Amino acid sequence: MSEDDNNSEEYPTEIHDYLAAFEKSLGSVDEMLKTMMSVSRSELLQKLDPLEQAKLDLVSVYTLNSMFWVYLATQGINPKEHPVKQELERIRTYMNKVKEITDKKKASRLDKGAASRFVKNALWEPNAENEHSSKTPAKGKKRQ
């Protein structure tokens with residue numbers, strides 16, 4: 001080995017933890033990609049409903065563009081001045097739309113009939129009560 005090879009392998013000790021975390025993250029990405037690639041895309045999409053398909057597509061394209069962002073940064077190109085920034089923003093917009101749709105599905109629905117019956121039965125009706133009981137209702141009795 002030449003002296004240049006030894007120097008290229010040396011790096012400041014302050015960044016060792018960052019590099020170790022980066023290596024661990026790369027390993028996680030690699031494992032996830034292997035898992036996703038083990039099943040054909042058409043087979044995977046058949047198992048998902050349209051909303052889940054959209055989520056999968058958005059996550060995939062966001063991941064690819066994010067990786068390209070990192071690549072640009074490693075090449076000394078400012079990704080903030082590259083069209084990839086607008087693409088990531090566009091993808092985030094669609095991700096937010098999908099999230100809104102998902103949240104609307106999870107939101108509780110109002111049963112108008114049940115609410116109407118609840119309010120109707122909860123309201124005091126002076127004429128109906130006078131017909132069924134005396135003028136002063138006894139305390140502790142339930143209304144019919």
Side-chain angles (χ1 to χ4, degrees), residues 1-129 131-133 137-144:
M1 274 191 181
S2 70
E3 190 173 307
D4 290 339
D5 289 338
N6 280 339
N7 289 340
S8 66
E9 291 181 5
E10 294 179 16
Y11 54 87
T13 56
E14 299 87 34
I15 64 169
H16 177 74
D17 291 338
Y18 294 112
L19 290 174
F22 180 70
E23 185 177 22
K24 184 179 176 183
S25 295
L26 279 178
S28 297
V29 169
D30 188 42
E31 285 180 35
M32 190 164 301
L33 284 174
K34 285 179 183 176
T35 303
M36 286 185 69
M37 300 303 271
S38 68
V39 179
S40 73
R41 182 164 174 77
S42 60
E43 197 177 313
L44 181 61
L45 290 176
Q46 286 176 353
K47 296 176 183 178
L48 301 174
D49 67 354
L51 188 61
E52 295 297 320
Q53 289 176 8
K55 286 180 182 180
L56 177 66
D57 289 339
L58 286 169
V59 166
S60 299
V61 74
Y62 190 82
T63 302
L64 287 172
N65 279 284
S66 296
M67 293 174 93
F68 187 65
W69 175 288
V70 172
Y71 171 76
L72 289 173
T74 62
Q75 299 303 306
I77 300 170
N78 185 358
K80 292 179 183 176
E81 297 172 358
H82 193 275
V84 74
K85 182 176 187 232
Q86 287 80 25
E87 184 65 14
L88 285 167
E89 288 172 0
R90 187 179 72 85
I91 296 165
R92 269 192 222 111
T93 301
Y94 286 110
M95 290 174 117
N96 287 335
K97 288 180 182 181
V98 167
K99 185 178 182 321
E100 287 175 18
I101 292 169
T102 304
D103 291 346
K104 283 182 184 177
K105 277 187 168 184
K106 289 180 183 177
S108 60
R109 300 277 183 224
L110 176 64
D111 184 356
K112 291 181 183 177
S116 164
R117 289 188 300 273
F118 178 77
V119 170
K120 182 180 176 185
N121 289 328
L123 292 176
W124 177 68
E125 296 177 16
N127 294 338
E129 192 170 305
E131 292 175 7
H132 296 292
S133 64
K139 291 184 180 178
K141 284 190 175 180
K142 287 187 178 178
R143 283 184 31 208
Q144 292 183 3

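Since we're looking at a predicted model, the values are computed, not measured. The first residue in the sequence is number 1, and the count goes up from there.
- The closest donor-acceptor contact from the side chain of Ser116 to the backbone of Lys112 lies at 3.5 Å or more, if one exists at all.
- Rounding to the nearest 0.5 angstrom, the gap separating the OG1 atom in Thr93 from the CG atom in Leu88 is 10.5 Å.
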Name the atoms and distances for all side-chain donor-acceptor pairs under 3.5 Å in residues 27-45, with sequence neighbours left out.
unit_1: Ser28; atom_1: OG; unit_2: Lys24; atom_2: O; d: 3.3
unit_1: Asp30; atom_1: OD2; unit_2: Lys34; atom_2: NZ; d: 3.4
unit_1: Thr35; atom_1: OG1; unit_2: Glu31; atom_2: O; d: 3.0
unit_1: Ser38; atom_1: OG; unit_2: Thr35; atom_2: O; d: 2.6
unit_1: Ser40; atom_1: OG; unit_2: Glu43; atom_2: N; d: 3.3
unit_1: Arg41; atom_1: NH2; unit_2: Asp57; atom_2: OD1; d: 2.1

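- Going from atom OG1 of Thr102 over to atom CD of Glu52 covers 7.0 Å, rounded to the nearest 0.5 Å.
- Nearest approach of Leu58 to Ile91, heavy atoms of both residues: O-CG2, 4.0 Å.
- Of all heavy-atom pairs between Val98 and Ala54, the closest is CG2-CB, 4.5 Å.
- Judged as a side chain to side chain donor-acceptor pair (under 3.5 Å), and not counting sequence neighbours, Lys97 has no contacts.
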Step-by-step side-chain contact (heavy atoms from CB on, under 4.5 Å) determination, Leu51 to Lys105: CA-CA 11 Å; Leu51 188 61; Lys105 277 187 168 184; 4.1 Å; yes

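- If you take CZ on Phe68 and CD on Glu87, they are separated by 11.0 Å, rounding to the nearest 0.5 Å.
- Legend: residues meeting side chain to side chain donor-acceptor pair (under 3.5 Å) with Gln53, ordered by chain and number and at least two apart, are absent.
- Taking CD of Gln75 as the start and CG of Leu72 as the end, the distance is 8.0 Å to the nearest 0.5 Å.
- Here Tyr62 contributes atom OH and Arg92 contributes atom CZ; the two are 4.0 Å apart, rounded to the nearest 0.5 Å.
- When all heavy atoms are compared, the tightest approach of Lys85 to Lys80 is CD-O, 3.4 Å.
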Tyr11 vs His16, side-chain contact (heavy atoms from CB on, under 4.5 Å): CA-CA, chis, key distance, verdict: CA-CA 8 Å; Tyr11 54 87; His16 177 74; 3.0 Å; yes

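- Using a 4.0 Å cut-off between a side-chain N of Lys or Arg and a carboxylate O of Asp or Glu, Glu100 and Lys104 do not qualify as a salt bridge.
- How far CG of Asn78 is from CH2 of Trp69: 7.5 Å, rounded to the nearest 0.5 Å.
- Crowding of Glu23 atom CD: a count of heavy atoms from other residues, nucleotides or ligands under 6.0 Å not exceeding 12.
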side-chain contact (heavy atoms from CB on, under 4.5 Å) assessment of Val70 paired with Ser66: CA-CA 6 Å; Val70 172; Ser66 296; 5.8 Å; no

